[in-house]
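See structure below.
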Amino acid sequence: DVQLQASGGGSVQTGGSLRLSCVASGFTFGNRAIVWFRQAPGKEREGVVCINVAGGERYLADSMKGRFTASRDDAENTAHLQMNRLKPDDTAVYYCTASKFGPGCPVPALEARYYDYWGQGTLVTVSS
């Protein structure tokens with residue numbers, strides 16, 4: 001069974017940093033792009049960043065680019081999301097999933113409607 005579990009969340013103040021991890025199993029990790037999503041209280045789930053098999057990144061919004069950095073370690077079946085200069089608007093449960101689009105990150109890869117599997121997320125709380 002495909003499983004992805006996010007961890008590393010916590011509570012930080014504005015301007016702080018967190019590094020999330022995503023451990024995957026049940027599929028060939030190196031063949032799939034990995035996508036990070038988040039869901040803020042009372043809001044719909046939104047894509048954050050997709051990292052393809054070559055390590056290239058596609059971000060949903062420019063506001064995340066430059067603050068967030070996605071990476072992957074195929075040998076460990078693990079992906080990471082480094083989040084710097086966090087803002088209260090970044091408060092959300094963060095999830096990782098395997099892209100429905102194989103190794104790449106086309107624009108639809110960041111649309112939650114294409115996904116039906118959501119593993120355990122991790123809560124990030126940023127206080128002002």
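Any value given below was found using the heavy atoms of this structure, including those in side chains, with hydrogens, waters and symmetry copies removed. Because the structure is predicted, anything quoted here is derived from the model rather than measured.
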### Message
Working note: L60 + V49, criterion side-chain contact (heavy atoms from CB on, under 4.5 Å); need CA distance, chi angles, decisive distance, verdict.
### Response
CA-CA 6 Å; L60 179 70; V49 59; over 6 Å; no
### Message
What verdict does the side-chain contact (heavy atoms from CB on, under 4.5 Å) test give for Q39 and E46, after you've listed the backbone C-alpha separation in whole Å, the side-chain angles of each residue and the deciding distance to 0.1 Å?
### Response
CA-CA 6 Å; Q39 187 164 19; E46 65 174 359; over 6 Å; no
### Task
For C22 and W36, run side-chain contact (heavy atoms from CB on, under 4.5 Å): C-alpha distance rounded to whole Å, both residues' side-chain angles, the deciding distance at 0.1 Å, then the answer.
CA-CA 9 Å; C22 170; W36 289 91; 3.6 Å; yes
### Working for side-chain contact (heavy atoms from CB on, under 4.5 Å), residues L20 and Q82
CA-CA 6 Å; L20 306 185; Q82 177 67 43; over 6 Å; no
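Residue C96 comes nearest to I34 through the heavy atom pair CB-CG2, 4.5 Å, listed as atom of the first residue, atom of the second, then distance. A33 and P103 make their closest contact through CB-O, 3.6 Å (heavy atoms, listed as atom of the first residue, atom of the second, distance).
Counting only distance, with no hydrogens or angles, the side chain of R32 and the backbone of K100 share no donor-acceptor pair below 3.5 Å. Here the side chain of S63 pairs no donor or acceptor atom with the backbone of A61 at under 3.5 angstrom. The main-chain N or O of R38 is never found under 3.5 Å from a side-chain atom of R45 such that the two would form a donor-acceptor pair. When atom types are taken as modelled, the side chain of Y115 and the backbone of A109 share a donor-acceptor pair closer than 3.5 angstrom. The backbone N or O of F68 sits less than 3.5 Å from a side-chain atom of Y59, completing a donor-acceptor pair. Without hydrogens or angle criteria, T91 side chain to V126 main chain gives a donor-acceptor distance under 3.5 Å. At distances below 3.5 Å, not a single donor-acceptor pair connects side-chain atoms of T28 with backbone N or O atoms of G30. Remark: side-chain polar atoms of R58 are paired, donor with acceptor, to backbone N or O of C105 under 3.5 angstrom.
Taking the six-membered ring for Trp and the full ring otherwise, F37 and W118 have centroids separated by under 6.0 Å.
Taken from CE in M83 to CG in L18, the straight-line distance is 5.0 Å, to the nearest 0.5 Å. A distance of 10.5 Å separates OH in Y94 from OG1 in T122, rounded to the nearest 0.5 Å.
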Quick one: side chains of residues 4-17, donor-acceptor pairs under 3.5 Å with protein atoms, not counting sequence neighbours, listed by atom name and distance.
residue, atom, partner, partner atom, Å
T14, OG1, S127, O, 3.0
S17, OG, N84, OD1, 3.0

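For the pair D90 and K87, the salt-bridge criterion is not met [side-chain N within less than 4.0 Å of a carboxylate O].
For the residue pair H80 / S21, a side-chain donor-acceptor distance below 3.5 Å is found, with atom types taken as modelled.
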